[in-house]
Amino acid sequence: MILEKIETRTARSGVIGLGYVGLPLTVAIARAGFRVTGIDICSEKIERLKQGISDVPDVTNEVLAPLIKSGQIQVTTDFGVLGELDTVNICVPTPLRENRTPDMQFITAAVQQVAQHLHPEQLIILESTTYPGTTEEIILPELNAHFSKGTSPDTTQVGRDFYLAFSPERIEPGNSTYSMTNTPKIIGGVTPHCTHVAETFYAQFINKTHTVSSPRTAEMVKLLENTFRSVNIGLINEVALICDRMDLDVWEIIDAAATKPFGFMPFYPGPGLGGHCIPIDPHYLSWKAQMYQYHARFIELATEINSEMPKYVVDKIIHALNLQRKPLNGAQLLILGIAYKKDIGDIRESPALEVIRLILDKKADFLYHDPYVKDLSLDDRNIYHSEPLTADLVENADCVVILTDHDVIDYCWLVEHAQLVVDTRNATRSVKKGQEKIIKI
Ligand SMILES: NC(=O)c1ccc[n+]([C@@H]2O[C@H](COP(=O)([O-])OP(=O)(O)OC[C@H]3O[C@@H](n4cnc5c(N)ncnc54)[C@H](O)[C@@H]3O)[C@@H](O)[C@H]2O)c1
């Protein structure tokens, strides 16, 4: 019955958690013709969404508003609606606790709600990034316990009474080439039939699916992908530190190495890792590995190197100012770019925040400009945004520090007006005039 409802797109779908992952997913499901209900605990967000206002860059108001207006997408804070839904995707955050261990409180809270409203033939899919075992160790027992209330838990059968799968979200916010629908979807169900039902669902709005043998495998796939990035960025950051000592240009070296058509994939150094995924997800893997008496050394080492990069950037600024016979204490800096990567406004875990903390400690004065981040408060301090980016502003700075290489900035213009530039992203690679003012990491 569920399969027929999915194939005829008459199934009623729901998405829990309407952030960077959940909102684009809600829209993709709705565009395939399903009626979708988005559920979030943040009532302000729900009020904005009801007015057709999106706070996720990958979903424009032009796309969202008509879907809300027509009722194709409904949004609510009321979990009671779960009882009416045939499919439920869970897209809640999976951060770290202060001691860098997985914080499962959002998944647990969402699953408790799902369990209370679980009904026959319902398909539940977890999309949040998490450690291998989460779906079967945390979610399945909770669902089993509620489903079998009043009967014996032994009589409940996942894969027959309800369906459960893990399918990691691989979206990269701001990537204009690969979106949710043209990125293959990994799916691992608790039973083969769970996998089949989940795959049938995704096939309605995702071009390509790839099934794996279990939820644990699917959970591990996502952690491999993000750990791969973290470790390779750690390696290239280390190479950048070595090149600096050897007075070699790491950017030129990477570009040259990338001409090799096989066996090499370019990664680039920078001021450190950022975003909700790469700095966090590897810790989910190393934490779980410890339970198998395994110490994940590559992960720890990459984390150590990557998290030292903000300090290295500040050392570069000190070095650059020193060449001008200026101390950092009292220098006027212009920080360009706060977002953790270019062309988006996401500052979660952004290395720019750590660079700013270090600069504040050293008593430098600074302003920042980021076309996508207009407000910033850090450790209860308001940090002043400067808008627009004027020639005066650039000229008056003792040093311009490029922390995010947003495409909308004219770097030739910037270098022309700047006294000194520390470029942590090779944003000035095409600048011909004024190269002598630029210091790169
Ligand atoms: N952002 C990315 O680029 C990305 C990419 C792939 C995977 N992921 C993973 O997807 C998951 C979600 O990430 P995100 O970036 O969308 O997070 P987000 O913070 O942008 O959004 C999460 C949303 O969930 C809501 N929420 C929290 N607890 C809830 C609950 N109990 N019930 C209902 N709503 C709840 C929050 O209010 C928020 O709106 C994480 O596990 C993340 O690692 C993120």
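Atoms within each ligand, like the ligands themselves, are counted from 1 in listed order. Worth saying up front: this structure is predicted, and the values here are computed from it rather than measured.
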Check: For Ser167, what residues pass the side chain to side chain donor-acceptor pair (under 3.5 Å) criterion, not counting sequence neighbours?
Finding: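 Once residues adjacent in sequence are excluded, the partners of Ser167 under the side chain to side chain donor-acceptor pair (under 3.5 Å) criterion are Lys185.
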
- Query: Could you walk me through whether His406 and Tyr372 pass the ring pair (Phe, Tyr, Trp, His ring centres under 6.0 Å) check?
  - Reply: CA-CA 9 Å; His406 293 305; Tyr372 302 99; 4.8 Å; yes

| Region of Cys91 that comes within reach of ligand 1 [heavy atoms, distance under 4.0 Å] |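 Only the backbone of Cys91 comes within reach of ligand 1.
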
- Query: What part of Pro168, side chain, backbone, both or neither, has a heavy atom within less than 4.0 angstrom of ligand 1?
  - Reply: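 Neither; nothing of Pro168 gets under 4.0 Å from ligand 1.
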
**Asp281, any N or O under 3.5 Å of ligand 1 N or O** =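 By distance alone, the answer is no.
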
Residue and atom name of the nearest protein heavy atom (relative to [atom]), distance in Å to one decimal:
| atom | value |
| --- | --- |
| atom 25 (C) of ligand 1 | Asp40 OD2, 3.2 Å |
| atom 24 (O) of ligand 1 | Gly17 CA, 3.3 Å |
| atom 11 (C) of ligand 1 | Val92 O, 3.4 Å |
| atom 16 (O) of ligand 1 | Val21 N, 2.9 Å |
| atom 3 (O) of ligand 1 | Pro173 CD, 3.1 Å |

Original post:
Which side-chain hydrogen bond (donor to acceptor under 3.5 Å, both in side chains) pairs, counting each pair once, include a residue from residues 345-355, with sequence neighbours left out?
Top reply: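 Sorted pair list: Asp346-Arg348, Glu354-Arg357.
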
When you measure from atom 7 (C) of ligand 1 to each heavy atom in Arg348, Glu169, Glu44, which option holds the nearest one?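 The nearest heavy atom belongs to Glu169.
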
Check: Which residue from Tyr284, Tyr20, Phe106, Phe79 reaches closest to atom 32 (N) of ligand 1 through any of its heavy atoms?
Finding: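 Nearest heavy atom to atom 32 (N) of ligand 1 lies in Phe79.
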
Do [X] and [Y] have a side chain donor and acceptor closer than 3.5 Å?
| X | Y | answer |
| --- | --- | --- |
| Tyr411 | Asp423 | no |
| Thr181 | Ser179 | yes |
| Thr211 | Glu199 | no |

